[in-house]
A.B. asks: 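Handing you this structure, nothing more for now.
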Amino acid sequence: MNTRPIFIPVILGTVRQGRTSENVAKFVFEQVKKRDGVESEFIDIRELKLPTDDAGEQIKHTGFSEICERADGLVIVVPEYNHGYPGMLKHVLDSNLKEYIHKAVGICGVSAGGFGATRVIENMLPVMRELGLVTIFWDGNFSGARNLFDENGSIRDEATHVKRMDKFLGELIWMSKVLRYGRENVTL
Amino acid sequence: MNYHADKVDYSDSDQADLVFGGTVQEVHTCPKCGRVELSKNDGLERRRRGIR
């Protein structure tokens, strides 16, 4: 069995100015990095600056594609905008395909209201499936986004969110390991 | 390379498989480094192994 570290990048899925999801993504990224045997990288889709006069694999970003190909799993931090996901996140995700197939994905939703972005998480699931990603059954739910962090960017109710992330990451890492074994050893 | 998935590519309508409506791409992953490659050789692996 392959012993190289599991690689799980964290994608910040919005380009909006003043985005509250940025603090969430940084918090999640720190939690991922704390796990033994796991490497991560922070991807801000705003920094990719993909063109918007075309779409799909025609606008592949080399660096992003290489990260996705190397990845064993992904964490997507997605804000809920009008009950849906940001169009720019879909635009970025659509720029790859083979890089995602049979890899694990966990979704962390961020909402201004009190439902933990469950609506956008549910909306993401069919997209993940068509991209070839395998979703886990734990989510990251971050409600009340404007008050989640203090002025220094520190999460206020750390114990609660660390405990939730522990379950989420446990499942995601397990699924990432299993799928990597399958991709590399189990023939269709 | 380990062959572990098939994915339909709808972008190449000239070569489309009538059953699936697109080109079936085989997905292969390198067991050593994780590199991924697609192959348009629809069914090649299956034929090689005698699977219909």
Side-chain angles (χ1 to χ4, degrees), chain A residues 1-9 37-41 54-60 62 64-74 93-105 126-134 173 175-188, chain B:
Chain A
M1 188 167 168
N2 203 319
T3 55
R4 69 179 188 276
I6 291 287
F7 181 45
I8 302 179
V38 178
E39 294 180 352
S40 189
E41 198 158 323
D54 201 351
E57 293 194 279
Q58 289 76 11
I59 58 165
K60 261 183 193 297
T62 305
F64 179 58
S65 294
E66 286 174 356
I67 288 170
C68 291
E69 179 157 355
R70 186 185 153 212
D72 297 298
L74 296 173
L93 292 173
D94 285 349
S95 66
N96 288 317
L97 181 60
K98 71 181 175 79
E99 293 83 353
Y100 302 131
I101 291 176
H102 286 165
K103 294 184 178 179
V105 62
V127 177
M128 301 294 97
R129 178 176 175 270
E130 181 55 17
L131 290 174
L133 292 160
V134 179
I173 292 166
M175 190 72 86
S176 298
K177 289 178 178 175
V178 168
L179 288 171
R180 178 159 88 182
Y181 181 83
R183 287 194 309 277
E184 298 180 353
N185 298 283
V186 182
T187 301
L188 187 65
Chain B
M1 300 296 275
N2 183 52
Y3 167 44
H4 64 91
D6 287 324
K7 186 84 173 92
V8 178
D9 176 5
Y10 298 101
S11 65
D12 189 0
S13 57
D14 292 342
Q15 300 291 320
D17 181 305
L18 291 177
V19 173
F20 301 111
T23 307
V24 178
Q25 302 257 16
E26 296 174 354
V27 185
H28 304 254
T29 293
C30 174
K32 291 181 180 171
C33 69
R35 182 171 53 86
V36 182
E37 284 185 3
L38 292 181
S39 164
K40 281 191 177 181
N41 297 326
D42 178 23
L44 186 66
E45 282 287 334
R46 287 175 179 275
R47 286 195 298 276
R48 184 176 62 76
R49 291 184 285 129
I51 301 169
R52 291 184 179 272

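Below, chain A is the first sequence line, B the second, and so on; all start at residue 1.
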A.B. asks: With A:Ile173 as reference, evaluate A:Val38, A:Val178, A:Asp72 under the side chain to side chain contact (heavy atoms under 4.5 Å, CB included) test and give the passing residue.
C.D. replies: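 Among the candidates, only A:Val38 passes.
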A.B. asks: Is A:Glu130 in contact with chain B via its backbone, its side chain, both, or neither, using a 4.5 Å heavy-atom distance?
C.D. replies: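 Both backbone and side chain.
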A.B. asks: Quick one: salt bridge (charged side-chain N to carboxylate O under 4.0 Å, His left out) partners of A:Glu41, sequence neighbours excluded?
C.D. replies: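 Applying salt bridge (charged side-chain N to carboxylate O under 4.0 Å, His left out) to A:Glu41 gives none.
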A.B. asks: Is B:Val36 in contact with chain A via its backbone, its side chain, both, or neither, using a 4.5 Å heavy-atom distance?
C.D. replies: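 Both the backbone and the side chain of B:Val36 come within 4.5 Å of chain A.
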A.B. asks: Can you sort out the partners of B:His4 under side chain to side chain donor-acceptor pair (under 3.5 Å), two or more places apart, ordered by chain and number?
C.D. replies: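 With sequence neighbours excluded, B:His4 shows a side chain to side chain donor-acceptor pair (under 3.5 Å) to A:His102, B:Thr29, given in chain and number order.
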A.B. asks: Is it the backbone or the side chain of A:Arg4 that comes under 4.5 Å from a heavy atom of chain B, or both, or neither?
C.D. replies: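 Side chain only.
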A.B. asks: Can A:Asn96 and A:Ser65 be counted as having a side-chain donor-acceptor contact under 3.5 angstrom?
C.D. replies: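 Yes, because at least one side-chain N or O of A:Asn96 sits under 3.5 Å from a partner of the opposite role on A:Ser65.
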